[in-house]
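This one's a predicted model, so the numbers in the text were calculated from it and none came from an experiment.
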Amino acid sequence: NKEVSRYIFRLTLLLFNAIAYFQFVLILTGVSIGTQKVRFLAFLMGLFMIFIGNVSPKIKETNKHFGFRVPWIMNKDEAFRKTQRFFGFVSMVSGVIFILISLFAGNKLALFLVLLLTIGITTVYSYKISH
């Protein structure tokens, strides 16, 4: 499909430009090579979280392969859809936070805490709406 190919091409160009800009900022700020690797991976993780946040709310039915899955929502379609929407929002926010941490701090503990909070908050939300 031509439209899908164009979309993927534009997305790839945007991704490469974002990565180049990120590396340029790190080099200008004088960040060491070891720290650059951590920050770069955090940046990529942030982009991935934003992507997941965009895709997750579009999941309409319970499946075993994609989305935020916990046992108590797998048999309840409405709870599954609400959880996916909430997880999409939380993932977008945490993706932006990941990118900000990668640009300014590069702290591994902060990245871990953001990821842990994302999973924890979504788990609690899914449990509350399913019971």
| request: If a pair satisfies salt bridge (charged side-chain N to carboxylate O under 4.0 Å, His left out) and one of its residues is in residues 81-99, list it, with sequence neighbours excluded. | output: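 Checked against salt bridge (charged side-chain N to carboxylate O under 4.0 Å, His left out) - neighbours excluded - the pairs reaching residues 81-99 are Glu78-Arg81.
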Atom pair [atom1]/[atom2] of [X] and [Y] - distance to nearest 0.5 Å:
{"X": "Phe86", "Y": "Ser126", "atom1": "CZ", "atom2": "OG", "answer": "9.5 Å"}
{"X": "Ile129", "Y": "Trp72", "atom1": "CD1", "atom2": "CH2", "answer": "11.5 Å"}
{"X": "Ile101", "Y": "Ser94", "atom1": "CD1", "atom2": "OG", "answer": "9.5 Å"}
{"X": "Phe51", "Y": "Ser56", "atom1": "CZ", "atom2": "OG", "answer": "11.0 Å"}

[X] versus [Y], closest heavy-atom pair with distance:
{"X": "Ile50", "Y": "Gly95", "answer": "CG1-CA, 3.9 Å"}
{"X": "Met45", "Y": "Leu115", "answer": "CE-CD1, 4.2 Å"}
{"X": "Ile73", "Y": "Ala79", "answer": "CG2-CB, 4.0 Å"}

| query | Does the side-chain contact (heavy atoms from CB on, under 4.5 Å) test come out yes or no for Thr118 and Phe87, once each step is laid out? | reply | CA-CA 8 Å; Thr118 301; Phe87 180 62; 4.2 Å; yes
Check: [Y] main-chain N/O paired with [X] side-chain donor or acceptor under 3.5 Å:
{"X": "Asn17", "Y": "Leu13", "value": "yes"}
{"X": "Ser102", "Y": "Ile99", "value": "yes"}
{"X": "Gln84", "Y": "Phe68", "value": "yes"}

| query | In the single-linkage hydrophobic clustering (I, L, V, M, F, W, Y; side-chain heavy atoms under 4.5 Å), do Leu47 and Leu14 co-cluster? | reply |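 No; tracing contacts between hydrophobic side chains, which count when under 4.5 Å, never links both residues.
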| Does OH belonging to Tyr125 count more than 12 external heavy atoms closer than 6.0 Å? |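 For Tyr125, atom OH is crowded (more than 12 foreign heavy atoms under 6.0 Å).
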| task | Among Ile, Leu, Val, Met, Phe, Trp and Tyr joined by side-chain contacts under 4.5 Å, find the other residues sharing a cluster with Leu113 and list them by chain and number. | result |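 Members besides Leu113, by chain and number: Leu109.
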| task | Show the numbers, then the answer: is there a side-chain contact (heavy atoms from CB on, under 4.5 Å) between Arg69 and Met74? | result | CA-CA 7 Å; Arg69 299 171 312 207; Met74 293 308 290; 3.8 Å; yes
| request: Let me know which of Ile121, Thr122, Thr123, Leu117 forms a side-chain contact (heavy atoms from CB on, under 4.5 Å) with Ile119. | output: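 Between Ile119 and the candidates, side-chain contact (heavy atoms from CB on, under 4.5 Å) is satisfied uniquely by Thr123.
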| Stepwise, does the side-chain contact (heavy atoms from CB on, under 4.5 Å) test hold for Phe98 with Phe43? | CA-CA 6 Å; Phe98 265 65; Phe43 181 76; over 6 Å; no
| query | side-chain hydrogen bond (donor to acceptor under 3.5 Å, both in side chains) with Lys128: which residues, sequence neighbours excluded? | reply |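 Counting only residues at least two positions away or on another chain, Lys128 forms no side-chain hydrogen bond (donor to acceptor under 3.5 Å, both in side chains).
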